[in-house]
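Note that the numbering runs from 1 along the sequence shown for the chain.
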Amino acid sequence: MSLTEQQRQEQLDVIRRTGGNREVMLSQRVIPDSYVAYSKLVEREEQTLTLPGAAVPVRLIVSKALDRKPGCSLHVNFHGGGFILPQNGDDDLYCARIAAGIHGIVVDVDYATSDKHPFPAAYDQSYAAVRWAFEQCAKWGGDPRRVSTGGHSAGGNLAAVVSMKAARTGDFKLCMQILDYAATDNYMSLVAEGQERSKAFSLLYADGDVERLKTPAVSPIFASPDDLKDQPFTLIVEAGKCPFQDVNRRYGEKLVQAGNQVKRVGFPESRHGFSVRMLDQWQEAQQTIVDAINACPPVE
């Protein structure tokens, strides 16, 4: 049964009421000039992709390094925000940094938010966006053998489920997925203490369907070994003070048990959201991601 409008508003009120610390942090921080400078190293354009039968199109922001060469890497990024906060300027800076660092192309997916479009809207849009990115490789001068995905929090969830679906359908083959403090378990907030905000995110994304939260397409930790076959090389970036740290470790173990290659990199003193929101060891985390994309061999 779907959420009623009153129930939806109640969950949105929880998110508004519990977002104070985030807003204070965003208003007080200072963005280094050296970080802003990355925006001058890329050309940026927007595209709109319309899916057959979809309620809304998906907005795509493409950042291309000015010094890219033919055969460059292409990375598809999914922003965080609990499936309900939209893409913003932090994501633009992050994508410019990654594009400049890999001397390639980054496609940022501004998927539909769950306040109006719950699952599977973002899932379907994200998969279509990656397929579209593969189709643009020849025109952009990218190498289709060097296409990776990655995401942060909710975006890490989308990277994981897109990768699982791609292995099942064979529509495209990724060289790597980057799961950055990924929301690989959206059910756990319903049974954990003190997770009111996360619970609201989960219920809005699943449109109130608690059982849906225990399916692999919504919570990858529930994937079976068969679901996890033939996954690309996986980089898991863990924040030591993030509630998803343990479940991300367990998800990495499940990937390994299914025969996949996984590398985990931990930042013990960092918090959820750190790599994009410029907290703690964010610069080290971004460099880790750049290095991983640059080192990733092309798929056969």
Side-chain angles (χ1 to χ4, degrees), residues 51 53 75-78 83 109 111 114 118-134 144-192 202 205-207 209-238 243-265 292-293 296-300:
L51 283 62
H75 181 68
V76 182
N77 181 70
F78 305 105
F83 302 103
V109 184
Y111 51 84
S114 61
F119 179 88
Y123 172 67
D124 290 341
Q125 288 183 338
S126 297
Y127 189 82
V130 177
R131 184 162 52 189
W132 176 85
F134 269 89
R145 302 172 305 159
R146 301 176 66 196
V147 177
S148 59
T149 61
H152 326 275
S153 189
N157 171 291
L158 293 171
V161 297
V162 163
S163 182
M164 279 194 282
K165 182 175 179 179
R168 184 172 69 250
T169 64
D171 288 337
F172 46 81
K173 194 168 184 179
L174 297 161
C175 69
M176 180 172 57
Q177 62 174 337
I178 299 168
L179 309 182
D180 191 18
Y181 44 86
T184 47
D185 186 349
N186 287 302
Y187 175 73
M188 69 180 192
S189 62
L190 273 71
V191 295
S202 294
Y205 186 53
D207 202 14
D209 188 339
V210 173
E211 291 305 308
R212 182 178 288 162
L213 289 169
K214 294 187 282 185
T215 61
V218 175
S219 294
I221 193 63
F222 290 97
S224 70
D226 284 343
D227 293 327
L228 296 176
K229 285 182 178 178
D230 302 319
Q231 293 300 284
F233 172 75
T234 303
L235 173 65
I236 297 178
V237 179
E238 300 176 2
F244 291 119
Q245 183 190 26
D246 182 63
V247 71
N248 285 336
R249 174 189 58 77
R250 290 189 285 116
Y251 187 64
E253 290 171 352
K254 292 187 73 168
L255 284 169
V256 171
Q257 290 164 6
N260 304 291
Q261 292 187 329
V262 175
K263 178 180 180 180
R264 293 170 53 212
V265 179
I293 296 173
C296 187
V299 295
E300 299 298 329

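R131 and D171 get closest at one heavy-atom pair: NH1-OD2, 3.4 Å. Shown here for G151 and A159, the closest heavy-atom pair between the two residues is N-CB, 4.0 Å. The shortest non-hydrogen separation linking C175 to R145 is CB-O, 3.6 Å. The two residues A258 and P225 have their closest heavy-atom pair at CB-O, 3.9 Å. Here the shortest heavy-atom pairing between N248 and A182 reads OD1-O, 3.0 Å. Heavy atoms only, all atoms of each residue included: P216 and V161 are closest at O-CG1, 3.5 Å.
L255 CG to K229 NZ: the interatomic distance, rounded to the nearest 0.5 Å, is 14.0 Å. Atoms NE2 and CG, from H75 and L174 in turn, are 10.5 Å apart once rounded to the nearest 0.5 Å. With rounding to the nearest 0.5 angstrom, the CG atom of D124 is 14.0 Å from the OH atom of Y111. Rounding to the nearest 0.5 angstrom, the gap separating the CH2 atom in W132 from the CD atom in Q125 is 13.5 Å. Atom CZ of residue F78 and atom CG of residue L158 lie 6.0 Å apart, to the nearest 0.5 angstrom. Distance check: N186 CG to Y205 OH gives 7.5 Å after rounding to the nearest 0.5 Å.
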Using the side chain to side chain contact (heavy atoms under 4.5 Å, CB included) rule, take V218 and Y187 through it: C-alpha gap first, then chi angles, then the decisive distance, then the call. CA-CA 9 Å; V218 175; Y187 175 73; over 6 Å; no

Worked verdict on H152 versus N77 for side chain to side chain contact (heavy atoms under 4.5 Å, CB included): CA-CA 8 Å; H152 326 275; N77 181 70; 2.9 Å; yes

Passes side chain to side chain contact (heavy atoms under 4.5 Å, CB included), K263 versus I236? Steps please. CA-CA 6 Å; K263 178 180 180 180; I236 297 178; over 6 Å; no

Criterion salt bridge (charged side-chain N to carboxylate O under 4.0 Å, His left out) on E211 and K214, from CA distance to verdict: CA-CA 5 Å; E211 291 305 308; K214 294 187 282 185; 3.4 Å; yes

Would you check, one step at a time, whether the test side chain to side chain contact (heavy atoms under 4.5 Å, CB included) holds for N260 with T234? CA-CA 8 Å; N260 304 291; T234 303; 5.6 Å; no

Run the side chain to side chain donor-acceptor pair (under 3.5 Å) test on S224 and D226 for me, step by step, so that the C-alpha distance in whole Å, both residues' side-chain angles and the decisive distance to 0.1 Å come before the verdict. CA-CA 5 Å; S224 70; D226 284 343; 5.1 Å; no

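The closest donor-acceptor contact from the side chain of T169 to the backbone of K165 lies under 3.5 Å. Checked by atom type and distance alone, the side chain of R212 pairs as donor or acceptor with a backbone atom of A206 at under 3.5 Å.
Taking the six-membered ring wherever Trp is involved, the centroid distance between the rings of Y127 and Y123 does not fall below 6.0 Å. Under the 6.0 Å cut-off for aromatic ring centres, Y181 and F244 do not qualify, their centroids lying 6.0 Å or more apart.
Enclosure of atom CD in Q261 is not indicated, since only 12 or fewer non-hydrogen atoms of other residues, nucleotides or ligands lie within 6.0 angstrom.
The shortest side-chain heavy-atom distance between L228 and M164 falls under the 4.5 Å cut-off. For the pair L235/Q177, no side-chain contact is recorded, criterion being any heavy-atom separation below 4.5 Å from C-beta on. No side-chain heavy atom of F222 sits under 4.5 Å from any side-chain heavy atom of D227. Using a 4.5 Å heavy-atom threshold, the side chains of F119 and D209 count as separate. In this structure, V237 and L179 have side chains that are not in contact, with every pair of non-hydrogen atoms separated by 4.5 Å or more. When side chains are defined from C-beta on, V247 does not count as touching Y251, because their heavy atoms never get closer than 4.5 Å. Between T149 and V130, the closest side-chain pair of non-hydrogen atoms falls below 4.5 Å. N157 places a side-chain heavy atom less than 4.5 Å from the side chain of P220.
Looking at E238 and R249, no side-chain N of the basic residue comes within less than 4.0 Å of a carboxylate O on the acidic one, giving no salt bridge.
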